[in-house]
Q: 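Sharing a structure here in structure tokens format.
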Amino acid sequence: MSLYQRIREETERRADALWTVATALHADPETAFSEHRAAKLLTDELERAGFAVRREAAGLPTAFTARAGEGRPVVAFPLEYDALPGLGHACGHNLIAAAGLGAALVTEAVRDGAEGTVLAVGTPAEEGGGGKALEVEAGVFDGVDAALMFHPGVYDWIRAPLTAQEQYRVGFRGRAAHPTGNPTEGVDALAALIELFNVLSALGRRLPEGSHVQGIITQGGTATNIVPEYAEGRFGLRAVTTAALDELAEQLRTAAEGVALATGTAVTVERASVRYEHFRDNSVLSERFAGHLDRAGIPLTAPTPGVYLGSSDIGNVSGRVPAIHPFVAIMGADGSDHTPEFAEAAASQRARGVLTAVVEALACTAVDILRDADLRGRAWADLLLTAD
């Protein structure tokens, strides 16, 4: 019996149990850094299979690592399991967690003494908290030779067009006054903030494709008969590359400082989120995964040019470790994630079929990496080509 056939049979043997995990997570959504029940469910499954589990990885209460084997090469499966506030698993992280769990269990069960380590990494708070970014900084992915995951979506795409993103808090401080009693004594902080929106609107018309700034006012004064002494906005920045994001952040800072100078206010510009780097697809490993998934009747294509699907902290991993993040559809292209309809799709029979197919393809790819030094070498060479 071929190794791939053994992987298929092992995946099918575990399919019901993995779907039980996926639906249990779906029925009990927990948001960023609060995924205590999800982390327990997943670590209990891994411990029962003989993996050595370390909880609170990187100092994060709901993060973990689970390791089987020792030494290099190391294949990691990032597991996401946080939900969206008010929408539950409308991004399908219940499927990502179950797929990573299944791929780790299947890979370990069939690798026939192949040297190296199978590593499941519990990565909380992808939705804004940047769990993977924090784990990268803490060294969780040091020594890893490949990071393999998938994301459910509305397209079957071999790679993820994910941009870099971060958020900034911009605060203007002026001087309070009565708008009729002594208007010349006031320095209107809100007027300065509104002027920054105007400047950024003009800037936006000449930003390159994939870059944008979206802002909201979070503080705008306390009463209409007081010239606002302080006003604050929060601005989300996105760019196709991390380097372009850094340039855009500098443009925001320059614009804010120019407005402050023009309006006589003082300004502070502070990063207000973890920075998500852009995703660097490892084409060597993505093509290998796509070939395995194609046997299950799910062909993957290249993304539509000019279409970007948000940002993810897997980008921070992909700049340091060969990584894949394909999208596999669980609903039609007329749908969208982060909607109630997508949450429903994440527990559908179509999602169940996708989960089984993805687990098999991930495990096949992982076994290839563990057994093939040439494949690993080409994957690392591809990473060096995409580094910036």
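These values consider heavy atoms only, across backbone and side chains, with no hydrogens, waters or symmetry-generated copies.
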Q: With hydrophobic residues grouped by side-chain heavy-atom distances under 4.5 Å, do L200 and F172 end up in a single group?
A: yes
Q: For the residue pair L203 and L248, what are the closest heavy atoms and their distance?
A: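 Taking L203 first and L248 second, the nearest heavy atoms are CD2-CD1, 4.5 Å.
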Q: Does the side-chain contact (heavy atoms from CB on, under 4.5 Å) test come out yes or no for E135 and L60, once each step is laid out?
A: CA-CA 9 Å; E135 289 175 332; L60 304 175; 4.3 Å; yes
Q: With a 4.5 Å limit on heavy-atom distance, are the side chains of L3 and V367 in contact?
A: yes
Q: Start with the C-alpha distance between D145 and R376, add both sets of side-chain angles, then the distance that settles salt bridge (Lys or Arg N to Asp or Glu O under 4.0 Å), and finish with yes or no.
A: CA-CA 7 Å; D145 292 283; R376 297 194 300 272; 5.3 Å; no
Q: Side chains of E35 and T62: any donor to acceptor distance under 3.5 Å?
A: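 Short answer, yes.
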Q: Would you call E80-K132 a salt bridge at under 4.0 Å N-O?
A: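 Judged by the 4.0 Å cut-off on N to carboxylate O distance, E80 and K132 do form a salt bridge.
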Q: As a quick check of understanding, evaluate side-chain contact (heavy atoms from CB on, under 4.5 Å) for T23 and N94, giving each step before the final call.
A: CA-CA 7 Å; T23 54; N94 62 309; over 6 Å; no
Q: Following the transitive rule for hydrophobic clusters with a side-chain heavy-atom cut-off under 4.5 Å over Ile, Leu, Val, Met, Phe, Trp and Tyr, establish whether V199 and F197 coincide in one cluster.
A: yes
Q: Let me know which of T263, V227, T265 forms a side-chain contact (heavy atoms from CB on, under 4.5 Å) with V187.
A: T265
Q: Are any side-chain N or O atoms of R72 and backbone N or O atoms of G143, one a donor and one an acceptor, separated by less than 3.5 Å?
A: yes
Q: Check whether the side chains of H151 and D337 place a donor and an acceptor atom closer than 3.5 Å, and report yes or no.
A: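 No - no donor-acceptor pair under 3.5 Å links their side chains.
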Q: What pair of heavy atoms forms the shortest contact from L134 to G129, and how long is it?
A: CD1-O, 4.0 Å
Q: Any side-chain heavy-atom pair from L95 and F150 closer than 4.5 angstrom?
A: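 When only atoms from C-beta onward are counted, F150 and L95 do touch, with a gap below 4.5 Å.
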Q: Does the side chain of Y155 reach to within under 4.5 Å of the side chain of P303, using non-hydrogen atoms?
A: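 Counting from C-beta outward, Y155 and P303 never come under 4.5 Å.
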Q: Flag the pair D382 and R378 as a salt bridge only when some basic side-chain nitrogen lies within less than 4.0 angstrom of an acidic carboxylate oxygen.
A: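 No, no charged N to carboxylate O under 4.0 Å.
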Q: Side chains of L261 and V267, heavy atoms from C-beta outward: is any pair under 4.5 Å?
A: no
Q: Which residue in the set H278, R238, E209 passes side-chain hydrogen bond (donor to acceptor under 3.5 Å, both in side chains) when paired with Y308?
A: E209
Q: Please check if the side chain of S318 supplies one atom and the backbone of G315 the other of a donor-acceptor pair under 3.5 Å.
A: yes
Q: Calculate, to the nearest 0.5 Å, the distance between atoms CG and NE2 belonging to D28 and H26 respectively.
A: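 Answer rounded to 0.5 Å: 11.5 Å.
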Q: Between the side chains of D281 and R159, is the shortest nitrogen-to-carboxylate-oxygen separation below 4.0 Å, so that they form an ion pair?
A: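 No, R159 and D281 are not salt-bridged.
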Q: Could you tell me whether R37 and E30 make a salt bridge, using a distance below 4.0 angstrom between a side-chain N and a carboxylate O?
A: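 Looking at R37 and E30, the cut-off is met.
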Q: Closest approach of F327 and G153, non-hydrogen atoms and distance?
A: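 Result for this residue pair: CD2-CA, 4.3 Å.
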Q: Can you check whether L42 reaches L79 side chain to side chain, under 4.5 Å on heavy atoms?
A: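 With C-beta onward as the side chain, the pair touches.
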Q: Say you draw a straight line from CD1 of I314 to CG of L162; how long is it, rounded to the nearest 0.5 Å?
A: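 Those atoms lie 9.0 Å apart.
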Q: Using atom types as modelled and distance alone, determine if a side-chain donor or acceptor of S201 lies under 3.5 Å from a backbone N or O of N198.
A: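 No; zero donor-acceptor contacts below 3.5 Å.
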Q: Supply the atom-to-atom distance L252 CG to E247 CD, rounded to the nearest 0.5 angstrom.
A: 14.0 Å
Q: Could you measure the distance from the CG atom of N282 to the CD atom of E287? Nearest 0.5 Å is fine.
A: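 Answer for the CG-CD pair, N282 versus E287, is 9.5 Å.
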Q: Looking only at side chains, do H178 and T180 share a donor and an acceptor under 3.5 Å apart?
A: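 H178 vs T180: donor-acceptor pair found between side chains.
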Q: With salt bridge (Lys or Arg N to Asp or Glu O under 4.0 Å) as the criterion, how do E277 and R320 come out once you've worked through the C-alpha distance, each side chain's angles and the decisive distance to 0.1 Å?
A: CA-CA 11 Å; E277 298 177 9; R320 297 155 182 82; 3.1 Å; yes
Q: Hey, are R275 and D313 close enough for a salt bridge, meaning a charged N less than 4.0 Å from a carboxylate O?
A: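 A salt bridge is absent here (no side-chain N lies under 4.0 Å from a carboxylate O).
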Q: Within this structure, what is the CD-CZ distance for the pair E9 and R13, rounded to the nearest 0.5 Å?
A: 10.5 Å
Q: Do D82 and T31 get their side chains close enough for a donor-acceptor pair, meaning under 3.5 Å?
A: no
Q: Before giving the answer on salt bridge (Lys or Arg N to Asp or Glu O under 4.0 Å), spell out for E10 and R14 the whole-Å C-alpha distance, their side-chain angles and the decisive distance to 0.1 Å.
A: CA-CA 6 Å; E10 184 69 19; R14 296 176 181 272; 2.9 Å; yes
Q: Between Y276 (side chain only) and G128 (backbone N and O only), is there a donor and an acceptor less than 3.5 Å apart?
A: yes
Q: Checking R352 against D16 for the salt bridge (Lys or Arg N to Asp or Glu O under 4.0 Å) test, could you report, in this order, the C-alpha distance in whole Å, the side-chain angles of both residues, the deciding distance, and whether it holds?
A: CA-CA 9 Å; R352 178 172 182 155; D16 288 345; 2.3 Å; yes
Q: Quick one: do I369 and L375 satisfy side-chain contact (heavy atoms from CB on, under 4.5 Å)? Show the steps, please.
A: CA-CA 6 Å; I369 294 165; L375 178 66; 4.0 Å; yes
Q: If we ignore hydrogens and angles and just use 3.5 Å, is the side chain of T241 paired with the main-chain N or O of A244 as donor and acceptor?
A: yes
Q: Provide the closest heavy-atom pair for P78 versus T123 in the form atom of the first, atom of the second, distance.
A: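 Heavy atoms only, the tightest pair is CB-CG2, 4.1 Å.
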Q: Is there a donor-acceptor pair closer than 3.5 Å between any side-chain N or O of T107 and the backbone N or O of A104?
A: no
Q: One thing to verify: whether D112 and R6 come together as a salt bridge, which I'm taking to mean a side-chain N less than 4.0 angstrom from a carboxylate O.
A: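 Looking at R6 and D112, the cut-off is met.
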Q: Determine whether V328 and I158 fall in the same hydrophobic cluster, where Ile, Leu, Val, Met, Phe, Trp and Tyr are linked whenever their side-chain heavy atoms lie under 4.5 Å apart.
A: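 Yes; I158 is reachable from V328 via cluster members.
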Q: Counting only heavy atoms from other residues, nucleotides and ligands, does the tally under 6.0 Å from CD of E47 exceed 12?
A: yes
Q: Determine, stepwise, if the pair I216 / F235 fulfils side-chain contact (heavy atoms from CB on, under 4.5 Å).
A: CA-CA 7 Å; I216 60 171; F235 297 87; over 6 Å; no
Q: Given side chains that start at C-beta, do those of E108 and F51 come closer than 4.5 Å, heavy atoms only?
A: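 With C-beta onward as the side chain, the pair touches.
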Q: Using the rule that Ile, Leu, Val, Met, Phe, Trp and Tyr join whenever any side-chain heavy atoms are under 4.5 Å apart, tell me whether V274 and Y81 fall into a single cluster.
A: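 Shared cluster, no.
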Q: How about V121 and F64: do any of their side-chain heavy atoms sit closer than 4.5 Å?
A: no
Q: Check the pair H89, F342 against ring pair (Phe, Tyr, Trp, His ring centres under 6.0 Å), reporting the backbone distance first and the verdict last.
A: CA-CA 8 Å; H89 280 287; F342 197 89; over 10 Å; no
Q: State whether the number of non-hydrogen atoms from other residues, nucleotides or ligands found under 6.0 Å of R67 atom CZ is greater than 12.
A: no
Q: Is it the case that T356 and E12 place a side-chain donor and acceptor less than 3.5 Å from each other?
A: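 No donor-acceptor contact under 3.5 Å links the two side chains.
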Q: Measure the shortest side-chain to side-chain distance between D156 and P299 over non-hydrogen atoms and say whether it is less than 4.5 angstrom.
A: no
Q: Would you give the length of the straight line joining atom CG of L87 to atom CD of E127, rounded to the nearest 0.5 angstrom?
A: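 Answer for the CG-CD pair, L87 versus E127, is 9.5 Å.
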Q: In terms of side-chain geometry, is the basic nitrogen of R271 or E166 positioned less than 4.0 Å from the acidic oxygen of its partner?
A: yes
Q: Just by modelled atom types, is the A191 backbone N or O under 3.5 Å from a matching donor or acceptor in the D188 side chain?
A: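 Confirmed, D188 side chain pairs with A191 backbone.
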Q: Taking atom CD of Q219 as the centre, report whether more than 12 heavy atoms of other residues, nucleotides or ligands fall under 6.0 Å from it.
A: yes
Q: In terms of hydrophobic clusters joined by side-chain contacts under 4.5 Å, are V53 and L101 together?
A: yes
